[in-house]
Amino acid sequence: MKENHIAFIMDGNGRWAQSRGMSRTRGHAAGVRSLEAIVQWSVDQSVPYLSFYAFSTENWKRPAREIRSIFRLMDTFFRRRIHTLIEKNVRILVSGDWMALPEASRNVAADTMRRTAHCTGTTVNLCINYGGQMELRRACALWAAQCQQTGDFSVPDEEEMRDLLYSGLPDVDLLIRTGGDSRISNFLLYQLAYAELFFLPVAWPDLRPEHVQKVLQQFAGRERRMGGLAPV
Ligand code: FPP
């Protein structure tokens, strides 16, 4: 089965920087360069959907300085890369409660989404102030409001459920987490239901397209039964 949607947990930026005597901010800056290289490679491979965990609902626990630097890096990415994204036909989506971001970040994210909305190549879903549990709780609230309006209190079907989630993208086929830990960390809880999981010991700034290529080779060899039986 070909990969349609690849999701990334970009872990290990801080440790990568600290092990080199650099600030954590430098690690995140190197992380943005990795993200750009992976997007570029995926566009060349015509991967339809990519999701990146850029800032979680739990990341607010970090020092204010680090949070500010992450938002600044995102803003710079949006501002500097908008023309390349459009030229490469890349659609940017932002998932999460990103309206809670500082005004400048909100504006530049909204502007990037608007200006790439017509792009039909790779969709890049940036999860910012995102939490999987929050996404599901929000979906419940939206559905409850809809039920009250229509008087129909049935369980949402697959398509209705997708519309209740932030991005409505198809389920994830494979998840790659860098940084050595084997956890999902509240990422895309609904969409990962049948994803193949790959946990790599490399830090995110060291991830290269060749690593992803290797993972895809392993993915191609995995039998995805989706609850069914292996073909005889
Ligand atoms: C996790 O590594 C990384 C983050 C919490 C932030 C990742 C954000 C970026 C790479 C910037 C995103 C930019 C765009 C354009 C969306 P960590 O800091 O937890 O690493 P550690 O476990 O080594 O401390």
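Note that the coordinates shown come from a computational prediction; the quantities given were computed from them, not determined experimentally. Both ligands and their constituent atoms are indexed starting at 1 by order of listing.
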**OP:** Would you confirm whether S34, through its side chain, and P205, through its main-chain N or O, come within 3.5 Å as a donor-acceptor pair?
**Re:** yes
Original post:
What atoms of ligand 1 come within less than 4.0 Å of a heavy atom belonging to M10?
Top reply: 1 (C), 2 (O), 3 (C)
**OP:** Quick one: look at R62 and ligand 1, take heavy-atom pairs under 4.0 Å, and tell me if it's side chain, backbone, both or neither.
**Re:** side chain
Subject >> Main-chain N/O of D157 paired to E160 side chain as donor or acceptor, under 3.5 Å >> reply: yes
Original post:
Less than 3.5 Å between some nitrogen or oxygen of I128 and one of ligand 1, yes or no?
Top reply: no
**OP:** Take T57 and N129 through the side-chain contact (heavy atoms from CB on, under 4.5 Å) test and state the conclusion after the steps.
**Re:** CA-CA 5 Å; T57 45; N129 196 18; 3.6 Å; yes
Original post:
Are D11 and ligand 1 in contact, using a heavy-atom cut-off of under 4.0 Å?
Top reply: yes
**OP:** Heavy-atom contacts with V32 under 4.0 Å: which atoms of ligand 1 show up? List them by number with element.
**Re:** 11 (C), 13 (C)
Subject >> Part of N59 with heavy atoms under 4.0 Å of ligand 1, whether side chain, backbone, both or neither >> reply: side chain
**OP:** Decide whether S185 and R177 meet the rule of one side-chain donor and one side-chain acceptor closer than 3.5 Å.
**Re:** yes
Original post:
Does any N or O atom in R15 lie less than 3.5 angstrom from one in ligand 1, N or O only?
Top reply: yes
**OP:** Apply ring-ring contact (aromatic ring centres under 6.0 Å, His included) to W16 and list each qualifying residue two or more places apart in sequence or on a separate chain.
**Re:** none
Original post:
Is the closest heavy-atom distance from G12 to ligand 1 below 4.0 Å?
Top reply: yes
Original post:
Using the ring of each side chain (for Trp, its six-membered ring), is F8 parallel, tilted or perpendicular to F52, with breaks at 30° and 60°?
Top reply: parallel
**OP:** Could you list which atoms of ligand 1 come closer than 4.0 Å to a heavy atom of M74?
**Re:** 13 (C), 14 (C), 16 (C)
Subject >> Salt bridge flag under 4.0 Å for residues R162 and E158 >> reply: yes
**OP:** Return the option from G31, A54, A203, A29 holding the heavy atom at the smallest distance from atom 7 (C) of ligand 1.
**Re:** A54
Subject >> Which of the ligand 1 atoms, numbered from 1, are nearer than 4.0 Å to a heavy atom of H28 >> reply: 3 (C), 4 (C), 6 (C), 10 (C), 18 (O)
Original post:
Would one find more than 12 heavy atoms of other residues, nucleotides or ligands at under 6.0 Å from atom CD of E58?
Top reply: yes
Original post:
Cationic tip of R222 within the cone over F198's six-membered ring, i.e. under 6.0 Å and within 45° of the normal?
Top reply: yes
Subject >> Nitrogen or oxygen atoms of R24 and ligand 1 under 3.5 Å apart >> reply: yes
**OP:** Under 4.0 Å, heavy atoms only, figure out whether ligand 1 is touched by the backbone of Q18, its side chain, both or neither.
**Re:** neither
Original post:
Considering only the protein, which heavy-atom contact is closest to atom 10 (C) of ligand 1, and what is its distance?
Top reply: N13 ND2, 3.5 Å
**OP:** Would you check if the distance from the ring center of W98 to the ring center of Y130 is below 6.0 Å?
**Re:** no
Original post:
Heavy-atom contacts under 4.0 Å between L73 and ligand 1: side chain, backbone, both, or neither?
Top reply: neither
